[in-house]
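The figures here come from the full heavy-atom set of this structure, side chains too, leaving out hydrogens, waters and symmetry mates.
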Amino acid sequence: MIEDNIKPNINLADYTTFKIGGPAKFFIKAQTKDELGQALAWAKAKNLNYFILGGGSNLLVSDKGFDGLVIKLTNEEIEQSGNELVAGAGARLGEAVAWAAEAGLSGLEWAAGIPGSVGGAVRGNAGAYGGEISQTLKAVEFFDAATGQFTTLPTAELAYSYRSSLFKQDTSKIIWQATFALQPGDKEAVSAKVNALIAERLARQPHEPSAGCVFKNLMASDDLVAKLSAAGKVKGNKLACGLVVESLGLKGKSVGGAKVSDEHANFVVNYAQASAQDVKTLVELIKQEAKARFNLELEEEIQYLGLF
């Protein structure tokens with residue numbers, strides 16, 4: 001019975017990289033398709049909202065928690081077929097990167113050191129160093145809660161754009177597994193690049209608990225670049241939001257136990273037992289300053305769960 005696996009009042013802070021947040025009213029780990037389907041059916045029968053939890057790396061959970069069912073995907077299998085890699089949504093993105101490197105397959109090196117799950121990366125079209133998930137993604141299998149069916153669609157039909165996808169636009173579509181089409185490469189060269197990027201991330205990113213980059217990067221214009229003295233800081237026609245926050249003089253700014261990282265200004269860190277409200281207040285302050293000083297509308301990359 002699925003009810004036997006559903007647990008009440010589970011602390012969600014333990015399941016996020018921020019280490020912040022209240023309890024889920026109900027919580028279950030789903031490793032199989034049947035478990036996912038049964039958990040969703042249970043939530044529907046109880047008239048409860050549900051939330052699909054991956055690696056918890058891009059998420060801020062309310063101090064009040066979530067008044068519904070949190071489903072933690074634990075389908076972590078990764079398989080290789082030729083130059084393709086098939087990874088469950090619950091697998092760590094870093095594990096997929098390591099698997100590809102060990103197999104001498106190139107295309108995922110840019111993701112080295114990024115926390116979180118494959119499902120979360122596919123949902124948000126995660127990217128770094130000029131690469132992004134949609135560039136190597138071949139197809140996604142997902143459960144459509146509206147129809148009760150599993151479906152597989154190619155990347156071209158999944159509405160990918162910068163940090164967005166069909167799965168962000170339609171939350172009834174729940175990613176189950178992803179297929180990546182990679183390229184044969186030299187194993188030593190791929191591994192060396194992966195190790196170099198991990199070392200670079202460790203050197204320039206904070207070590208305190210965080211949810212990664214808070215804001216999406218901005219489309220850059222010549223005027224904006226000049227205004228922020230950001231020559232040479234624009235990549236792919238996007239201006240790094242860390243530079244914007246730093247230009248506002250907010251590096252190191254704190255609210256309660258939350259602080260703008262001293263290492264990377266697009267990170268807000270939990271440096272002293274921060275509450276979710278501390279983080280939310282600091283994020284809103286940054287947005288207000290960006291609007292007032294530079295007339296910029298910053299948009300969060302992190303997701304909020306629960307009532308704030």
Side-chain angles (χ1 to χ4, degrees), residues 12-22 55-65 113-116 120 124 126-129 162-163 200-221 223-235 238-308:
L12 293 176
D14 296 335
Y15 289 93
T16 73
T17 57
F18 237 147
K19 304 303 179 187
I20 293 173
S57 64
N58 202 31
L59 182 68
L60 179 65
V61 178
S62 165
D63 299 312
K64 301 172 185 175
I114 294 179
Y129 299 107
Y162 176 63
R163 300 296 181 268
E200 183 177 338
R201 285 184 181 280
L202 289 173
R204 71 182 182 88
Q205 292 186 356
H207 299 294
E208 303 98 329
S210 76
C213 288
V214 173
F215 300 107
K216 296 178 182 179
N217 288 334
L218 295 158
M219 294 302 294
S221 66
D223 177 63
L224 181 59
V225 172
K227 184 182 293 185
L228 298 179
S229 300
K233 298 292 186 178
V234 178
K235 295 181 180 179
K238 290 187 178 66
L239 180 67
C241 262
L243 182 68
V244 175
V245 178
E246 191 170 346
S247 298
L248 290 168
L250 294 177
K251 210 174 200 183
K253 174 69 177 177
S254 64
V255 172
K259 181 175 73 170
V260 177
S261 169
D262 293 313
E263 287 82 17
H264 193 311
N266 200 10
F267 281 63
V268 169
V269 298
N270 175 8
Y271 83 104
Q273 297 181 319
S275 68
Q277 195 56 56
D278 289 342
V279 175
K280 190 69 161 58
T281 300
L282 183 54
V283 168
E284 290 302 321
L285 184 152
I286 295 168
K287 291 171 67 176
Q288 290 166 12
E289 286 290 305
K291 179 65 175 177
R293 297 266 305 277
F294 299 133
N295 196 31
L296 294 175
E297 300 281 356
L298 300 188
E299 182 181 354
E300 289 96 320
E301 189 170 325
I302 60 172
Q303 184 177 4
Y304 298 113
L305 178 63
L307 298 174
F308 284 83

- Message: Please report the interatomic distance CD(E300) to SG(C241), rounded to the nearest 0.5 Å.
- Response: 10.5 Å
- Item | V214/L282 under side chain to side chain contact (heavy atoms under 4.5 Å, CB included): CA gap, chis, key distance, verdict | CA-CA 11 Å; V214 173; L282 183 54; over 6 Å; no
- Please confirm whether the backbone N or O of A240 pairs with a side-chain atom of N266, one donor and one acceptor, at under 3.5 Å? no
- Query: Which pair of non-hydrogen atoms, one from G242 and one from A265, has the smallest distance, and what is that distance?
  - Reply: O-CB, 3.3 Å
Using residues 205-213 as the side-chain source, report each donor-acceptor pair under 3.5 Å to any protein atom, sequence neighbours left out, with the distance given to one decimal.
{"unit_1": "H207", "atom_1": "NE2", "unit_2": "L202", "atom_2": "O", "d": "3.4"}
{"unit_1": "S210", "atom_1": "OG", "unit_2": "G212", "atom_2": "N", "d": "3.2"}

- Message: Using the side chain to side chain contact (heavy atoms under 4.5 Å, CB included) criterion, which residues pair with Q303? Sequence neighbours excluded.
- Response: F51, L59, R123
- Message: I'd like to know if the side chain of D63 and the backbone of G21 have a donor-acceptor N/O pair within less than 3.5 Å.
- Response: no
- side chain to side chain contact (heavy atoms under 4.5 Å, CB included) partners for Q288, two or more places apart: E284
- Can you sort out the partners of A290 under side chain to side chain contact (heavy atoms under 4.5 Å, CB included), two or more places apart, ordered by chain and number? L248, L296, L298
- Message: Please report the interatomic distance CZ(F18) to CG(L12), rounded to the nearest 0.5 Å.
- Response: 14.5 Å
- Which atom names give the shortest non-hydrogen contact between G116 and S57, and what distance separates them? CA-OG, 3.3 Å
- Query: With A128, which residues qualify under side chain to side chain contact (heavy atoms under 4.5 Å, CB included), at least two apart?
  - Reply: W110, I114, R201
- For residues I20 and S275, determine if any side-chain heavy atom of one lies less than 4.5 Å from a side-chain heavy atom of the other. no
Run the side-chain donor-acceptor check on residues 251-261: report pairs under 3.5 Å with partners two or more places apart or on a different chain.
{"unit_1": "K251", "atom_1": "NZ", "unit_2": "D262", "atom_2": "O", "d": "3.4"}
{"unit_1": "K259", "atom_1": "NZ", "unit_2": "D262", "atom_2": "OD2", "d": "3.2"}
{"unit_1": "S261", "atom_1": "OG", "unit_2": "E263", "atom_2": "N", "d": "3.0"}
{"unit_1": "S261", "atom_1": "OG", "unit_2": "E263", "atom_2": "OE1", "d": "3.1"}
{"unit_1": "S261", "atom_1": "OG", "unit_2": "H264", "atom_2": "N", "d": "3.2"}

- Message: Working to the nearest 0.5 angstrom, can you tell me the gap between L285 CG and L250 CG?
- Response: 6.5 Å
- Task: Could you tell me the separation between the OH atom of Y162 and the CG atom of L218, rounded to the nearest 0.5 Å?
- Result: 8.0 Å
- Close side-chain approach of F215 and E299, heavy atoms under 4.5 Å: no
